[in-house]
Amino acid sequence: MQKKTEIVTARMTPKVKAQLQQRARDANMTLTDYLCICGLGKEIVRVEGLDALLSELKAQGRNLNRLTTLANMGRLTVLRSDELIDGYAALCEQVSRLTEVD
């Protein structure tokens, strides 16, 4: 990724600025990234429901890291992996449904 070194100044009304800032927040982007993508004619795609799924996926990842650490320390020797596999399969299915193109 290239370092951002150039500055662009734009004049606008406070209302327009607030609208742009809100749109950038809605897209989970910085205002700079939002304006650059829009200005270059690229499409911004917002997938509804992805935030909750990503939060769950991060939590599962933390749990897996804890289990791995315990196993490496010799404090965990038995793990019922079918439950983990089923959980990850369900998460993968949700990701697939959310990212399907109509």
Side-chain angles (χ1 to χ4, degrees):
M1 190 162 182
Q2 293 181 346
K3 185 175 179 183
K4 297 176 184 177
T5 59
E6 299 298 313
I7 297 173
V8 175
T9 303
R11 293 188 179 273
M12 62 193 73
T13 64
K15 182 179 177 181
V16 169
K17 180 182 177 185
Q19 288 173 332
L20 288 171
Q21 289 172 325
Q22 184 59 51
R23 287 184 181 192
R25 275 192 298 275
D26 290 345
N28 268 350
M29 301 174 79
T30 65
L31 182 57
T32 298
D33 289 340
Y34 180 81
L35 291 173
C36 288
I37 287 174
C38 288
L40 294 173
K42 297 180 180 177
E43 183 181 1
I44 297 174
V45 178
R46 176 83 175 136
V47 179
E48 295 300 323
L50 197 55
D51 291 339
L53 181 63
L54 289 176
S55 178
E56 176 63 23
L57 195 55
K58 287 177 186 178
Q60 292 293 330
R62 284 190 299 271
N63 289 340
L64 186 57
N65 284 338
R66 286 186 197 120
L67 290 171
T68 302
T69 300
L70 290 172
N72 287 335
M73 293 169 59
R75 295 177 57 194
L76 178 70
T77 55
V78 177
L79 178 66
R80 294 189 338 212
S81 61
D82 6 341
E83 290 178 16
L84 286 173
I85 292 169
D86 291 345
Y88 282 109
L91 287 172
C92 288
E93 185 178 319
Q94 288 178 5
V95 169
S96 291
R97 280 197 312 266
L98 288 173
T99 57
E100 278 180 356
V101 178
D102 293 326

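These numbers come from the heavy atoms of this one structure, side chains and all, not from hydrogens, waters or symmetry mates.
- In terms of the salt bridge (Lys or Arg N to Asp or Glu O under 4.0 Å) criterion, Asp26 has no residue partners (sequence neighbours excluded).
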Which atom pairs, one a donor and one an acceptor, fall under 3.5 Å between side chains of residues 30-39 and the rest of the protein, sequence neighbours left out?
residue : atom : partner : partner atom : Å
Thr30   : OG1  : Asp33   : N            : 3.0
Thr30   : OG1  : Asp33   : OD2          : 3.2
Asp33   : OD1  : Lys4    : NZ           : 2.8

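- In this structure, Met29 is not a member of the same hydrophobic cluster as Val8, with clusters built from ILVMFWY side-chain heavy atoms closer than 4.5 Å.
- Glu56 CD to Leu53 CG: the interatomic distance, rounded to the nearest 0.5 Å, is 8.0 Å.
- In this structure, SG on Cys92 lies 11.5 Å from CZ on Arg97, to the nearest 0.5 angstrom.
- Here salt bridge (Lys or Arg N to Asp or Glu O under 4.0 Å) pairs that include residues 7-18, with residues two or more places apart or in two chains, number zero.
- Note that CG of Leu64 and OG1 of Thr69 are 9.5 Å apart. Values are rounded to the nearest 0.5 Å.
- When the side-chain hydrogen bond (donor to acceptor under 3.5 Å, both in side chains) test is applied to Arg66, the partners found at least two apart in sequence or on another chain are Asn63.
- Remark: Lys58 pairs with no residue by the salt bridge (Lys or Arg N to Asp or Glu O under 4.0 Å) rule, at least two apart or across chains.
- By the salt bridge (Lys or Arg N to Asp or Glu O under 4.0 Å) test, Arg75 pairs with no residue at all, sequence neighbours left out.
- With hydrogens and angles left out, the side-chain atoms of Gln22 and Arg25 include a donor and acceptor closer than 3.5 Å.
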